[in-house]
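Right, one structure below, let's go through it.
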Amino acid sequence: MAESQYSFSLTTFSPSGKLVQIEYALNAVAAGATSLGISATDGVVIATEKKLPSALVDETTVQKIMTITPSIGVVYSGMGPDFRVLVRRARKTAQTYYQTYKEHIPVAQLVRETAAVMQEFTQTGGVRPFGVSLMMAGYDDNGPQLYQIDPSGSYFAWKASAIGKNMTNAKAFLEKRYSDEVGIEDAVHTALLTLKEGFEGQLSGSNIEVGVVGPNRSFKVLTEAEVNDYLQEVE
Amino acid sequence: MSIFSYNGAAIVAMAGKECVAIGSDLRFGVQMQTITCDTPKVFKIHDKLYLGLSGLLTDAQTLHQKLMFRHNLYKLREERDMKPSTFGHLLSNALYERRFGPYFAAPVVAGLEPDGTPFLCGMDTIGAIETAKDFMITGTSPESLYGMCESMWRPDMGPEELFETVAQCLMSGFDRDALAGWGAVIHVITKDKVISRTLKTRMD
(Lines give C-alpha, C1' and ligand atoms only; values in the text may rest on other atoms or scores of the structure.)
Protein backbone atom coordinates (compact mmCIF):
# COMPACT_ATOMS: atom_id res chain seq x y z
CA MET A 1 0.00 0.00 0.00
CA ALA A 2 1.37 3.43 -0.90
CA GLU A 3 0.94 4.62 2.69
CA SER A 4 3.70 2.34 3.92
CA GLN A 5 6.25 4.14 1.80
CA TYR A 6 5.75 7.14 4.08
CA SER A 7 5.66 5.29 7.31
CA PHE A 8 9.38 5.34 8.03
CA SER A 9 9.79 9.04 8.63
CA LEU A 10 7.67 10.57 11.28
CA THR A 11 7.95 14.08 9.97
CA THR A 12 6.76 13.31 6.45
CA PHE A 13 3.14 13.58 5.42
CA SER A 14 1.62 10.77 3.40
CA PRO A 15 -0.22 11.66 0.16
CA SER A 16 -3.56 11.39 1.92
CA GLY A 17 -2.45 14.04 4.40
CA LYS A 18 -1.77 11.77 7.36
CA LEU A 19 1.25 11.38 9.59
CA VAL A 20 1.37 7.62 9.53
CA GLN A 21 3.41 7.30 12.71
CA ILE A 22 0.59 8.90 14.64
CA GLU A 23 -1.86 6.39 13.17
CA TYR A 24 0.43 3.59 14.31
CA ALA A 25 0.75 5.18 17.74
CA LEU A 26 -3.04 5.09 17.98
CA ASN A 27 -2.83 1.39 17.13
CA ALA A 28 -0.50 0.91 20.07
CA VAL A 29 -3.10 2.63 22.26
CA ALA A 30 -5.93 0.50 20.90
CA ALA A 31 -3.96 -2.62 21.80
CA GLY A 32 -3.56 -1.51 25.41
CA ALA A 33 -5.78 -2.37 28.38
CA THR A 34 -9.11 -0.54 28.54
CA SER A 35 -9.34 2.67 30.55
CA LEU A 36 -12.33 4.92 31.02
CA GLY A 37 -13.49 8.04 32.75
CA ILE A 38 -16.84 9.50 33.80
CA SER A 39 -17.47 13.10 34.82
CA ALA A 40 -20.28 13.53 37.36
CA THR A 41 -21.97 16.61 38.80
CA ASP A 42 -19.77 16.54 41.90
CA GLY A 43 -16.61 14.75 40.81
CA VAL A 44 -14.78 12.60 38.29
CA VAL A 45 -13.88 8.91 38.27
CA ILE A 46 -11.25 7.16 36.14
CA ALA A 47 -10.64 3.44 36.06
CA THR A 48 -8.56 0.85 34.22
CA GLU A 49 -7.97 -2.86 33.94
CA LYS A 50 -4.75 -3.94 35.56
CA LYS A 51 -3.86 -6.88 33.29
CA LEU A 52 -0.62 -8.37 34.54
CA PRO A 53 1.51 -10.69 32.41
CA SER A 54 1.68 -13.38 35.08
CA ALA A 55 0.26 -14.34 38.46
CA LEU A 56 3.77 -14.05 39.88
CA VAL A 57 3.86 -10.27 39.40
CA ASP A 58 3.55 -8.33 42.66
CA GLU A 59 0.49 -6.29 41.70
CA THR A 60 0.85 -3.90 44.64
CA THR A 61 3.86 -2.36 42.90
CA VAL A 62 2.04 -1.77 39.63
CA GLN A 63 0.42 1.67 39.50
CA LYS A 64 -1.51 2.67 36.41
CA ILE A 65 -3.35 5.67 37.86
CA MET A 66 -1.01 8.47 38.96
CA THR A 67 -1.56 11.75 40.80
CA ILE A 68 -0.15 14.84 39.11
CA THR A 69 -1.36 17.40 41.67
CA PRO A 70 -3.51 16.92 44.75
CA SER A 71 -6.54 17.66 42.55
CA ILE A 72 -5.58 16.03 39.26
CA GLY A 73 -5.05 12.35 38.41
CA VAL A 74 -4.34 10.57 35.16
CA VAL A 75 -4.72 7.09 33.64
CA TYR A 76 -3.58 5.71 30.30
CA SER A 77 -3.96 3.05 27.65
CA GLY A 78 -0.89 2.00 25.70
CA MET A 79 2.79 1.83 26.60
CA GLY A 80 3.52 2.08 30.32
CA PRO A 81 7.05 3.51 30.06
CA ASP A 82 5.84 6.33 27.76
CA PHE A 83 3.17 7.09 30.36
CA ARG A 84 5.75 7.44 33.12
CA VAL A 85 7.73 9.98 31.07
CA LEU A 86 4.60 12.06 30.52
CA VAL A 87 3.63 11.89 34.19
CA ARG A 88 7.08 13.16 35.12
CA ARG A 89 6.76 16.08 32.72
CA ALA A 90 3.21 16.89 33.83
CA ARG A 91 4.25 16.90 37.49
CA LYS A 92 7.10 19.24 36.73
CA THR A 93 4.81 21.57 34.77
CA ALA A 94 2.35 21.62 37.67
CA GLN A 95 5.07 22.37 40.20
CA THR A 96 6.60 25.14 38.08
CA TYR A 97 3.15 26.73 37.87
CA TYR A 98 2.76 26.49 41.62
CA GLN A 99 6.16 27.99 42.26
CA THR A 100 5.40 30.99 40.05
CA TYR A 101 1.80 31.66 41.02
CA LYS A 102 1.39 29.91 44.41
CA GLU A 103 -1.84 28.59 42.96
CA HIS A 104 -2.61 25.04 41.84
CA ILE A 105 -2.66 24.64 38.09
CA PRO A 106 -6.17 24.50 36.58
CA VAL A 107 -6.97 21.21 34.82
CA ALA A 108 -7.36 22.76 31.38
CA GLN A 109 -3.95 24.44 31.61
CA LEU A 110 -2.20 21.19 32.58
CA VAL A 111 -3.94 19.35 29.76
CA ARG A 112 -2.82 22.02 27.30
CA GLU A 113 0.80 21.85 28.40
CA THR A 114 0.90 18.04 28.36
CA ALA A 115 -0.74 17.96 24.94
CA ALA A 116 1.88 20.44 23.74
CA VAL A 117 4.63 18.02 24.83
CA MET A 118 2.97 15.18 22.94
CA GLN A 119 2.64 17.34 19.84
CA GLU A 120 6.32 18.28 20.07
CA PHE A 121 7.22 14.64 19.64
CA THR A 122 5.30 14.50 16.37
CA GLN A 123 7.25 17.34 14.83
CA THR A 124 10.81 16.92 16.06
CA GLY A 125 13.56 14.98 14.35
CA GLY A 126 14.85 11.77 15.85
CA VAL A 127 11.95 11.07 18.19
CA ARG A 128 8.76 9.06 17.93
CA PRO A 129 5.27 9.90 19.18
CA PHE A 130 4.17 8.70 22.61
CA GLY A 131 2.36 5.37 22.43
CA VAL A 132 -0.30 6.37 24.98
CA SER A 133 -3.62 8.12 25.20
CA LEU A 134 -4.22 9.81 28.55
CA MET A 135 -7.41 10.32 30.52
CA MET A 136 -6.87 13.27 32.84
CA ALA A 137 -9.38 13.90 35.63
CA GLY A 138 -9.43 16.85 37.98
CA TYR A 139 -11.47 19.29 40.04
CA ASP A 140 -10.73 23.02 40.03
CA ASP A 141 -12.57 26.35 40.18
CA ASN A 142 -14.41 25.39 36.98
CA GLY A 143 -15.73 22.22 38.58
CA PRO A 144 -15.04 18.57 37.73
CA GLN A 145 -13.40 17.97 34.36
CA LEU A 146 -12.32 14.97 32.28
CA TYR A 147 -9.97 15.22 29.29
CA GLN A 148 -8.55 12.74 26.80
CA ILE A 149 -5.16 13.48 25.22
CA ASP A 150 -4.06 11.53 22.12
CA PRO A 151 -0.54 10.77 20.79
CA SER A 152 -1.02 13.52 18.19
CA GLY A 153 -1.44 16.09 20.94
CA SER A 154 -5.13 16.73 20.32
CA TYR A 155 -7.27 16.82 23.41
CA PHE A 156 -11.00 16.65 24.08
CA ALA A 157 -13.11 17.22 27.16
CA TRP A 158 -15.52 14.37 27.78
CA LYS A 159 -18.56 13.76 29.91
CA ALA A 160 -17.66 10.07 29.71
CA SER A 161 -15.32 8.12 27.47
CA ALA A 162 -13.13 5.04 27.10
CA ILE A 163 -9.79 4.29 25.45
CA GLY A 164 -7.89 1.09 24.72
CA LYS A 165 -8.86 -2.39 23.66
CA ASN A 166 -12.58 -2.42 24.31
CA MET A 167 -13.27 1.26 23.70
CA THR A 168 -16.06 1.01 21.09
CA ASN A 169 -18.21 -1.30 23.21
CA ALA A 170 -17.38 0.62 26.36
CA LYS A 171 -18.31 3.96 24.77
CA ALA A 172 -21.61 2.52 23.49
CA PHE A 173 -22.35 1.24 27.00
CA LEU A 174 -21.50 4.63 28.51
CA GLU A 175 -23.66 6.46 25.99
CA LYS A 176 -26.66 4.47 27.10
CA ARG A 177 -25.91 4.78 30.79
CA TYR A 178 -24.71 8.38 31.10
CA SER A 179 -26.94 11.21 32.32
CA ASP A 180 -26.01 14.79 33.11
CA GLU A 181 -27.37 14.47 36.65
CA VAL A 182 -25.28 11.47 37.69
CA GLY A 183 -23.50 11.86 41.04
CA ILE A 184 -20.03 10.58 41.85
CA GLU A 185 -21.15 7.41 43.63
CA ASP A 186 -23.32 6.38 40.68
CA ALA A 187 -20.49 7.27 38.34
CA VAL A 188 -18.15 4.83 40.13
CA HIS A 189 -20.76 2.09 39.83
CA THR A 190 -21.24 2.81 36.14
CA ALA A 191 -17.47 2.78 35.61
CA LEU A 192 -17.20 -0.65 37.22
CA LEU A 193 -20.09 -2.02 35.19
CA THR A 194 -18.51 -0.71 32.00
CA LEU A 195 -15.21 -2.38 32.81
CA LYS A 196 -17.04 -5.59 33.61
CA GLU A 197 -18.58 -5.63 30.10
CA GLY A 198 -15.28 -6.26 28.36
CA PHE A 199 -13.46 -8.08 31.13
CA GLU A 200 -12.36 -11.69 30.77
CA GLY A 201 -12.77 -13.26 34.16
CA GLN A 202 -13.89 -11.97 37.52
CA LEU A 203 -13.41 -8.27 38.48
CA SER A 204 -11.73 -7.72 41.81
CA GLY A 205 -9.84 -5.04 43.70
CA SER A 206 -6.55 -6.55 42.61
CA ASN A 207 -7.07 -6.56 38.84
CA ILE A 208 -8.56 -3.07 38.37
CA GLU A 209 -7.58 0.37 39.54
CA VAL A 210 -10.01 3.23 40.30
CA GLY A 211 -9.26 6.89 40.97
CA VAL A 212 -11.79 9.46 42.21
CA VAL A 213 -11.81 13.21 42.84
CA GLY A 214 -14.80 14.77 44.61
CA PRO A 215 -15.82 18.26 45.81
CA ASN A 216 -13.02 18.06 48.40
CA ARG A 217 -10.70 18.46 45.36
CA SER A 218 -8.49 15.65 46.57
CA PHE A 219 -7.66 13.01 43.97
CA LYS A 220 -7.38 9.55 45.50
CA VAL A 221 -6.61 6.13 44.07
CA LEU A 222 -9.00 3.76 45.82
CA THR A 223 -7.48 0.98 47.89
CA GLU A 224 -8.12 -2.66 47.02
CA ALA A 225 -10.59 -2.90 49.90
CA GLU A 226 -12.52 0.19 48.76
CA VAL A 227 -12.74 -1.16 45.21
CA ASN A 228 -14.01 -4.48 46.52
CA ASP A 229 -16.69 -2.64 48.53
CA TYR A 230 -17.89 -0.81 45.40
CA LEU A 231 -17.82 -4.10 43.46
CA GLN A 232 -20.03 -5.71 46.05
CA GLU A 233 -22.53 -2.85 45.72
CA VAL A 234 -22.59 -3.44 41.98
CA GLU A 235 -23.09 -7.22 42.07
CA MET B 1 24.13 58.76 45.67
CA SER B 2 21.98 55.63 45.86
CA ILE B 3 20.47 54.18 42.71
CA PHE B 4 17.14 54.09 44.52
CA SER B 5 17.13 57.85 44.98
CA TYR B 6 18.14 58.74 41.43
CA ASN B 7 14.57 59.48 40.36
CA GLY B 8 12.54 59.75 43.59
CA ALA B 9 9.03 58.51 44.41
CA ALA B 10 6.43 58.21 47.16
CA ILE B 11 3.77 55.49 47.09
CA VAL B 12 1.11 54.67 49.69
CA ALA B 13 -1.48 51.88 49.58
CA MET B 14 -4.13 51.27 52.23
CA ALA B 15 -6.90 48.78 52.87
CA GLY B 16 -10.40 49.78 53.96
CA LYS B 17 -13.74 48.01 54.25
CA GLU B 18 -14.07 46.08 50.99
CA CYS B 19 -11.95 48.68 49.24
CA VAL B 20 -8.30 49.56 48.69
CA ALA B 21 -6.62 52.80 47.73
CA ILE B 22 -3.21 53.34 46.19
CA GLY B 23 -1.56 56.63 45.36
CA SER B 24 1.75 58.06 44.24
CA ASP B 25 3.42 61.41 43.68
CA LEU B 26 3.79 62.79 40.17
CA ARG B 27 7.38 64.06 40.04
CA PHE B 28 9.75 62.79 37.41
CA GLY B 29 13.24 64.03 38.16
CA VAL B 30 16.87 63.20 37.55
CA GLN B 31 18.67 63.80 40.83
CA MET B 32 18.15 67.48 41.67
CA GLN B 33 16.49 68.46 38.38
CA THR B 34 12.72 68.08 38.05
CA ILE B 35 11.76 67.21 34.49
CA THR B 36 7.96 66.79 34.59
CA CYS B 37 5.13 66.70 37.14
CA ASP B 38 2.76 64.35 35.37
CA THR B 39 4.44 60.98 35.88
CA PRO B 40 2.42 58.68 38.11
CA LYS B 41 4.14 55.62 39.56
CA VAL B 42 1.00 53.56 39.96
CA PHE B 43 -0.02 51.34 37.04
CA LYS B 44 -3.24 49.48 36.37
CA ILE B 45 -2.98 45.76 35.71
CA HIS B 46 -6.72 45.13 35.60
CA ASP B 47 -9.88 46.66 37.09
CA LYS B 48 -9.24 45.22 40.53
CA LEU B 49 -5.44 45.25 40.60
CA TYR B 50 -3.01 48.15 40.70
CA LEU B 51 0.77 48.11 40.98
CA GLY B 52 2.93 50.87 42.44
CA LEU B 53 6.67 50.89 41.64
CA SER B 54 9.29 53.11 43.26
CA GLY B 55 13.00 53.23 42.63
CA LEU B 56 14.79 53.66 39.31
CA LEU B 57 12.08 54.80 36.90
CA THR B 58 13.44 52.95 33.88
CA ASP B 59 13.31 49.67 35.82
CA ALA B 60 9.83 50.53 37.10
CA GLN B 61 8.62 51.09 33.53
CA THR B 62 10.26 47.92 32.20
CA LEU B 63 8.91 45.81 35.04
CA HIS B 64 5.44 47.17 34.40
CA GLN B 65 5.70 46.30 30.70
CA LYS B 66 6.99 42.79 31.42
CA LEU B 67 4.22 42.14 33.91
CA MET B 68 1.55 43.40 31.51
CA PHE B 69 3.01 40.94 28.97
CA ARG B 70 2.74 38.09 31.47
CA HIS B 71 -0.77 39.10 32.53
CA ASN B 72 -2.03 39.44 28.96
CA LEU B 73 -0.82 35.93 28.12
CA TYR B 74 -2.32 34.62 31.36
CA LYS B 75 -5.68 36.18 30.47
CA LEU B 76 -5.64 34.59 27.01
CA ARG B 77 -4.70 31.15 28.36
CA GLU B 78 -6.77 31.01 31.49
CA GLU B 79 -9.66 33.19 30.34
CA ARG B 80 -9.70 35.10 33.62
CA ASP B 81 -7.93 38.01 35.32
CA MET B 82 -5.11 37.22 37.73
CA LYS B 83 -5.93 37.33 41.42
CA PRO B 84 -3.91 40.00 43.28
CA SER B 85 -2.31 37.37 45.55
CA THR B 86 -1.27 35.34 42.51
CA PHE B 87 0.12 38.48 40.87
CA GLY B 88 2.13 39.24 43.99
CA HIS B 89 3.78 35.84 43.85
CA LEU B 90 4.41 36.13 40.13
CA LEU B 91 6.13 39.47 40.71
CA SER B 92 8.18 38.06 43.58
CA ASN B 93 9.32 35.20 41.36
CA ALA B 94 10.13 37.54 38.48
CA LEU B 95 12.25 39.75 40.74
CA TYR B 96 14.19 36.84 42.26
CA GLU B 97 14.99 35.51 38.79
CA ARG B 98 17.23 38.56 38.57
CA ARG B 99 18.79 37.97 41.98
CA PHE B 100 22.32 38.84 40.88
CA GLY B 101 21.48 41.74 38.59
CA PRO B 102 18.21 43.03 40.04
CA TYR B 103 15.58 45.46 38.91
CA PHE B 104 16.11 48.54 41.09
CA ALA B 105 12.46 48.86 41.88
CA ALA B 106 10.42 48.26 45.03
CA PRO B 107 6.82 47.33 44.24
CA VAL B 108 3.55 47.67 46.12
CA VAL B 109 0.57 45.57 44.95
CA ALA B 110 -2.96 46.66 45.84
CA GLY B 111 -6.18 45.02 44.75
CA LEU B 112 -9.40 43.24 45.56
CA GLU B 113 -9.52 39.43 45.53
CA PRO B 114 -12.41 37.83 43.59
CA ASP B 115 -14.44 37.55 46.82
CA GLY B 116 -14.02 41.27 47.56
CA THR B 117 -11.36 41.03 50.28
CA PRO B 118 -8.70 43.74 50.05
CA PHE B 119 -5.18 42.56 49.23
CA LEU B 120 -1.96 44.50 49.89
CA CYS B 121 1.62 43.40 49.57
CA GLY B 122 5.06 44.91 49.12
CA MET B 123 8.44 43.58 48.12
CA ASP B 124 12.06 44.54 48.19
CA THR B 125 14.17 44.73 45.08
CA ILE B 126 14.80 40.97 44.93
CA GLY B 127 11.27 39.85 45.66
CA ALA B 128 10.99 39.25 49.41
CA ILE B 129 7.22 39.46 49.76
CA GLU B 130 5.36 40.85 52.75
CA THR B 131 1.54 41.00 52.97
CA ALA B 132 -0.24 43.54 55.14
CA LYS B 133 -3.76 44.10 56.35
CA ASP B 134 -3.39 47.86 56.87
CA PHE B 135 -0.99 49.71 54.59
CA MET B 136 2.07 49.35 52.39
CA ILE B 137 4.49 52.11 51.41
CA THR B 138 7.61 52.54 49.33
CA GLY B 139 9.66 55.51 48.18
CA THR B 140 12.52 57.88 48.91
CA SER B 141 11.15 59.01 52.29
CA PRO B 142 9.94 55.80 53.90
CA GLU B 143 10.28 57.09 57.47
CA SER B 144 7.88 60.00 56.84
CA LEU B 145 5.42 57.77 55.00
CA TYR B 146 5.47 55.06 57.69
CA GLY B 147 5.06 57.67 60.40
CA MET B 148 2.02 59.22 58.72
CA CYS B 149 0.34 55.91 57.90
CA GLU B 150 0.96 54.46 61.36
CA SER B 151 -0.75 57.44 63.01
CA MET B 152 -3.60 57.90 60.57
CA TRP B 153 -4.70 54.39 59.58
CA ARG B 154 -7.82 52.91 61.17
CA PRO B 155 -9.56 49.65 60.30
CA ASP B 156 -12.77 49.47 58.21
CA MET B 157 -12.64 52.85 56.51
CA GLY B 158 -15.09 53.47 53.67
CA PRO B 159 -13.96 54.59 50.20
CA GLU B 160 -14.30 58.32 50.88
CA GLU B 161 -12.52 58.20 54.24
CA LEU B 162 -9.83 55.95 52.78
CA PHE B 163 -9.17 58.47 50.02
CA GLU B 164 -8.77 61.32 52.53
CA THR B 165 -6.42 59.28 54.70
CA VAL B 166 -4.21 58.16 51.80
CA ALA B 167 -4.16 61.72 50.46
CA GLN B 168 -3.06 63.21 53.79
CA CYS B 169 -0.44 60.52 54.43
CA LEU B 170 1.00 60.85 50.95
CA MET B 171 1.09 64.64 50.90
CA SER B 172 2.50 65.11 54.39
CA GLY B 173 4.86 62.23 53.78
CA PHE B 174 6.48 63.68 50.67
CA ASP B 175 6.39 67.27 51.95
CA ARG B 176 9.85 66.98 53.41
CA ASP B 177 11.20 64.88 50.53
CA ALA B 178 13.05 66.89 47.90
CA LEU B 179 12.85 64.07 45.38
CA ALA B 180 9.12 63.32 45.56
CA GLY B 181 5.99 65.44 45.30
CA TRP B 182 4.88 67.96 42.67
CA GLY B 183 1.30 66.65 42.73
CA ALA B 184 -0.29 63.27 43.49
CA VAL B 185 -2.72 60.75 42.00
CA ILE B 186 -4.85 58.38 44.09
CA HIS B 187 -6.99 55.46 42.92
CA VAL B 188 -9.74 54.07 45.16
CA ILE B 189 -10.77 50.56 44.11
CA THR B 190 -14.16 49.21 45.13
CA LYS B 191 -16.28 46.27 43.98
CA ASP B 192 -18.01 48.19 41.17
CA LYS B 193 -15.66 50.98 40.17
CA VAL B 194 -12.35 52.74 40.52
CA ILE B 195 -12.29 56.45 41.34
CA SER B 196 -9.07 58.20 40.36
CA ARG B 197 -8.33 61.69 41.63
CA THR B 198 -5.38 63.95 40.87
CA LEU B 199 -4.29 66.30 43.64
CA LYS B 200 -2.70 69.71 43.34
CA THR B 201 -0.05 70.06 46.01
CA ARG B 202 2.89 72.33 46.82
CA MET B 203 4.99 72.31 43.67
CA ASP B 204 8.31 71.94 45.35
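Being a predicted model, the structure only gives us computed values, none of them experimental. Within every chain, numbering begins at 1; the chains are lettered A, B, ... in the order of the sequence lines, protein sequences first and strands thereafter.
Near-neighbour residues of residues 76-91 of chain A relative to chain B, defined by a heavy atom under 4.5 Å from a heavy atom of that chain, are none.
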#### Entry: Steps toward salt bridge (charged side-chain N to carboxylate O under 4.0 Å, His left out) verdict (B:Arg27, B:Asp177)
CA-CA 11 Å; B:Arg27 177 181 181 268; B:Asp177 185 357; over 6 Å; no
### Message
salt bridge (charged side-chain N to carboxylate O under 4.0 Å, His left out) for B:Arg197 and B:Glu160? Distances and angles first, verdict last.
### Response
CA-CA 12 Å; B:Arg197 298 179 180 89; B:Glu160 292 307 315; 3.3 Å; yes
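The aromatic ring centres of A:Phe121 and A:Phe130 sit less than 6.0 Å apart.
Only the side chain of A:Tyr97 comes within contact range of chain B, judged by heavy atoms closer than 4.5 Å. For B:Tyr74, the part sitting under 4.5 Å from any heavy atom of chain A is the side chain, from C-beta outward, and nothing else.
Heavy-atom neighbours of B:Gln31 CD from other residues, nucleotides or ligands within 6.0 Å: above the threshold of 12.
Contact annotation: the side chain of A:Gln145 approaches that of A:Asp140 to within less than 4.5 Å [non-hydrogen atoms, C-beta and beyond]. Annotation: side chain of A:Tyr178 is in contact with side chain of A:Lys159 (closest heavy-atom distance under 4.5 Å).
Taking NE2 of A:His189 as the start and OG1 of A:Thr194 as the end, the distance is 12.0 Å to the nearest 0.5 Å.
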